[in-house]
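Take a look at the structure below.
Lettering follows sequence order; numbering is per chain, from 1.
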Amino acid sequence: MTETSAPSSEAAPTRDYSATLNLPETEFPMRAGLPQKEPQLLARWDEMQLYKRLRETSKGREKFVLHDGPPYANGHLHIGHALNKILKDLITRSRQMMGYDSNYVPGWDCHGLPIEWKVEEEYRAKGKNKDEVPINELRRECRAYAQKWIGIQAEEFRRLGVEGDFANPYTTMDFFSEAVIAGELLKFAVSGQLYRGSKPVMWSVVEKTALAEAEVEYQDYQSDTIWVKFPVTREFGGNTTWLDRIQERSRQLSKIGPDAAIEHNESLAGASVVIWTTTPWTIPGNRAVSYSKKIAYGLYKVTEAPEDNWVKVGDRLILADALAEGVFKQAKVVAFERRRTVTAEELSSIRCGHPLQNLGYTFDVPMLAGDHVTDDTGTGFVHTAPSHGREDFEVWMDHAHELTSRGIDTTIPFPVDDDGFYTKDAPGFEGKRVLTDKGEKGDANQAVIDALAAAGRMVARGRLKHTYPHSWRSKKPVIFRNTPQWFVYMDRSVDGLTLRDKALAAIDSTDFYPPAGQTRLRSMIENRPDWVLSRQRAWGVPIAVFRNVETGQLLPGPQFDRNDDYAARLKEAFEAEGADAWFADGAKERFLAGFVDNMDHWEQVRDILDVWFDSGSTHEFVLKHRPDLKWPADVYLEGSDQHRGWFHSSLLESCGVNGRAPYNAVVTHGFTMAEDGRKMSKSLGNQVLPQDVIKQSGADILRLWVASTDYWEDQRIGKKILDSNSDAYRKIRNTIRWMLGTLKHYDGTVVAYADLPELEKAMLHKLAEVGVDVVEGYTTYDFKRSFASVLNFMNIDLSAFYFDIRKDALYCDPKSSIKRKASLYVVAQLFDALVKWLAPLIPFTAEEAWLDRNPGEGVSVHLELFPAIPAEWTNPDLAAKWDKVKKVRRAVTGALEIERREKRIGSSLEAAPAVYVEDADLLAALDGLDFAEICITSQIEVTGSASPEGAFRLEDGTPVGVVPKLAVGKKCARSWRILPEVGTDPAYPDVSLRDAAALRELGL
RNA sequence: UGGCCUGUAGCUCAGGUGGUUAGAGCACACGCCUGAUAAGCGUGAGGUCAGUGGUUCGAGUCCACUUAGGCCAACCA
């Protein structure tokens, strides 16, 4: 650095040339003020009827339909709603700009419990009792409640920038929708897929209603526990007799030793299987005892016990070995002995009698193997009352076929009624009560215990404090009780295939994003039991069928010959009055008249449909009936929880009726976690609310978060994450702003591709590459790919490279400069493409930028298509060449950084490095280029010779050496470059020749 | 407890069929510029790829287990 002279700084400050430069000029603010700006843009879109214009401009194009999974019309939006709707909007907007008619019709799910609750709550506040309100009045209030929230949520969705037919959304409570939903159910009835069965449900005696799992909370509760003997009745299972089995067993064991043989000879006859339960009142409902094949059992004999004890000396009990001692302790048994092992095989062959045989419970009680049995607590045997427990029910149903073949009646009784009283299905206890109106323990437990004691079947009793289900509302305990329900067969063949077959086939022909969704949905369909459709509720679409109480025949149904007439009558009524028609006075006569001889034989089903059937039918009443949509949908998108929900019910509904899925593809998103990766919750105070983000930063920031995240998995959100999205946003905005300012000087001149400088061609190539990436990202619903591609391009290729280099030509070159014209043309192309690609991601900002450049009424970037990239822009050879140029450039900037650190230079324009390119290929890449311009130095010297000792080299082994030197000459007062030529034009002594020419053109 | 899924720098993400010192952007630190200025440019420091064990000449990439977390289902009879 010694041979060169320092730039002359003595020259007196001449004039301010900045006014002669083409500096960026723009009103586009650096700071967005999105929270204020976004509502203005929304108002403009409203005013210009953007949605309508979108439909008009895309009329006749191929349709792309994302069918909206309806949110529940209740409550303000949370972050999950925002994620969901923004993702949907990214899809519909990007498809629209890809050239489809991509129409989005939002919908709402309106029926169901939560709304019924809210209305009920309002009643209670007013001191009204739900049961005294006529059902259709309740339904009217539910409808109004839903309507209110639809309005609120619609506004909140729109504020997120979601575009769609918000003026005509669909709802499940429209009269038309209700008519279709009811009609769909009829199709299941007519085709013989619907049947009446029964199932135990959670029931609140206090509220006289069935409760969903979500309505139940587990609280501590003091239960009466009892240990009860089930006498082995010496019945034999299968073809072998009891004695045969014992003798066979003895023969096997005699091989082990004579003692064992003797021990195992002892018969189980007269012994008892002992169960333990916390619900004595379920004993009348007992139909079986469950055991586990994994538990070791033994036959025990009581050898010492108090005189007045329930368990007497000589009693022989079968118990799990792990629990026997505890049971005897509880039973106050002083001493006992283990007589022998009882195998699972033996257990499977015995039958017991009911402990209350003496009261008329004379049926056999079979032993059932079940995985739910453990030997942690109890006795190792589980009292099984299919009327009163989910697992009891399941075990019973799993064995139903086998039990029937053994001559056991598998009918599930109804021992407890709506009010908690025993029925005639509980002989000897009729009128006793399990729970009172107030939710307190009734007299049932004590009656059962007394009866058991009287029958000599009690082993012990106790109390246990444990968690027990309580009603969410009344905080009172609930019970499980068998109730009649309506089901759809999963495994009954209809036209050769079962519903399960059809659903599985449909899953195989559906695309899943991510692919794991397919396995998940598949395994659910493979394993699920029959579909329970009925709910004992008020706010929903009724199962609008009649049942013959004598014969069980259904109307409509396979045996009824005027199904179409019935369906037509129902449809007409529901379309006119809604499903309320079913609950109005005289409905039975109205719908049945003319179809049956004796109306008294027919009962009107008052159950309503599970809301999943409602939403599972949206494809019927939305996609099939709106001419602006199509069936099946291209895509359904929801959270991954909807494998169990909407994807599932839509699949079953459509397969049952149409034989195929209502969608071609399923996209799922994960759940949004707090910043630490844990679940958000009110109590932890780590919630992020979309309303807050919008208020503080704007919807575009929230959208950027959605676009940057890997939504297939769970995502995180929090202050830090939102901040970094704001940073990314600011970078994008400023780059756009610079383009807008620069393009103020662009007169629209198109420069032919062939006339463009290499640098411009290289940028267009990169733009073409990015375009492929962006569109591919959008096509595969991989938005982070589109976003990252655009963001990286703007940061790395444009802001830090192309724009930085071209500022000199754009600001300083004469108006006539070809280079400048070419650059302006390319910047215009860049702006056009980038803003369009960004439009689905940040619709507000993209629109703001678009309008700044293309002002006018009725103008919107959202009416545009993604740019068609000319094939000639793709130029991989040139791109490869410029990769080499950049490689050499990196060596130069690296060298300059040292100079800067050593305070020998400040601006790179103060430098004039000597560059020794020791690789012919790299050297050739620089041929014909103004490498000083590319490195933003004032001068540069490039040679192919070996670099001298001490030259700067990159650590990565790039064969380039750089010897930094200071630029020679005077600093041009206009362009700030340091050149020897400065001063050679007498008319403009303080500027370079290029700048002199520019000034001359300006006539200055 | 079962089904499905996830864990790569402080943050968000890349890392075809296993193969040279694991990448990018942002944030951070330092410096430059002051004609994108509550902006722009450059350089740098950050990773035992959740952990352990295995398969292999070789594993972020394959297998098993463990651990942390998520969704769904179940659950104390």
Using atom P of each nucleotide, how far apart are B:C76 and B:G54 to the nearest Å? 43 Å
Please check the phosphate of B:A36 (OP1 and OP2 only) for any side-chain N or O of A:Lys731 closer than 4.0 Å. no
A:Trp976 over B:G35, stacked by centroid distance under 5.5 Å, angle under 30°: yes
Residues in salt bridge (charged side-chain N to carboxylate O under 4.0 Å, His left out) with A:Asp813, at least two apart? A:Arg994
For nucleotides 1-7 of chain B, give me every protein contact, N/O to N/O, under 3.5 Å, one pair per line with atom names.
from : atom 1 : to       : atom 2 : distance (Å)
B:G3 : O2'    : A:Ser523 : OG     : 3.4
B:C5 : O2'    : A:Glu713 : OE1    : 2.7
B:C5 : O2'    : A:Glu713 : OE2    : 3.4

A:Trp281-A:His388 aromatic ring centre distance below 6.0 Å: yes
Going 5' to 3' through nucleotides 8-20 of chain B and flagging B where a protein heavy-atom sits under 4.0 Å of the base, S where only the sugar-phosphate is that close, and - otherwise, we get --SSSSS------
B:C41 phosphate, OP1 or OP2: any side-chain N/O from A:Lys807 under 4.0 angstrom? no
Results of salt bridge (charged side-chain N to carboxylate O under 4.0 Å, His left out) for A:Asp773 - residues two or more places apart only: A:Arg785
Could you give the distance separating B:U8 and B:G15 at their C1' atoms, to the nearest angstrom? 9 Å
Whole-angstrom distance between B:U66 and B:A73, as gauged at atom C1': 24 Å
Taking only the C1' atom of each, what is the distance from B:A45 to B:C28 in whole angstrom? 9 Å
Contacts under 3.5 Å, N or O only, protein and nucleotides 29-32 of chain B:
from  : atom 1 : to       : atom 2 : distance (Å)
B:G31 : O3'    : A:Lys903 : NZ     : 2.9
B:C32 : OP1    : A:Lys903 : NZ     : 2.6
B:C32 : O2'    : A:Arg900 : NE     : 3.4
B:C32 : O2'    : A:Gly906 : O      : 2.7

Taking OP1 and OP2 of B:C26, is either one under 4.0 Å from a side-chain nitrogen or oxygen of A:Tyr729? no
Return the set of residues passing side chain to side chain donor-acceptor pair (under 3.5 Å) with A:His669 (not counting sequence neighbours), or none when no residue passes. A:Asn84
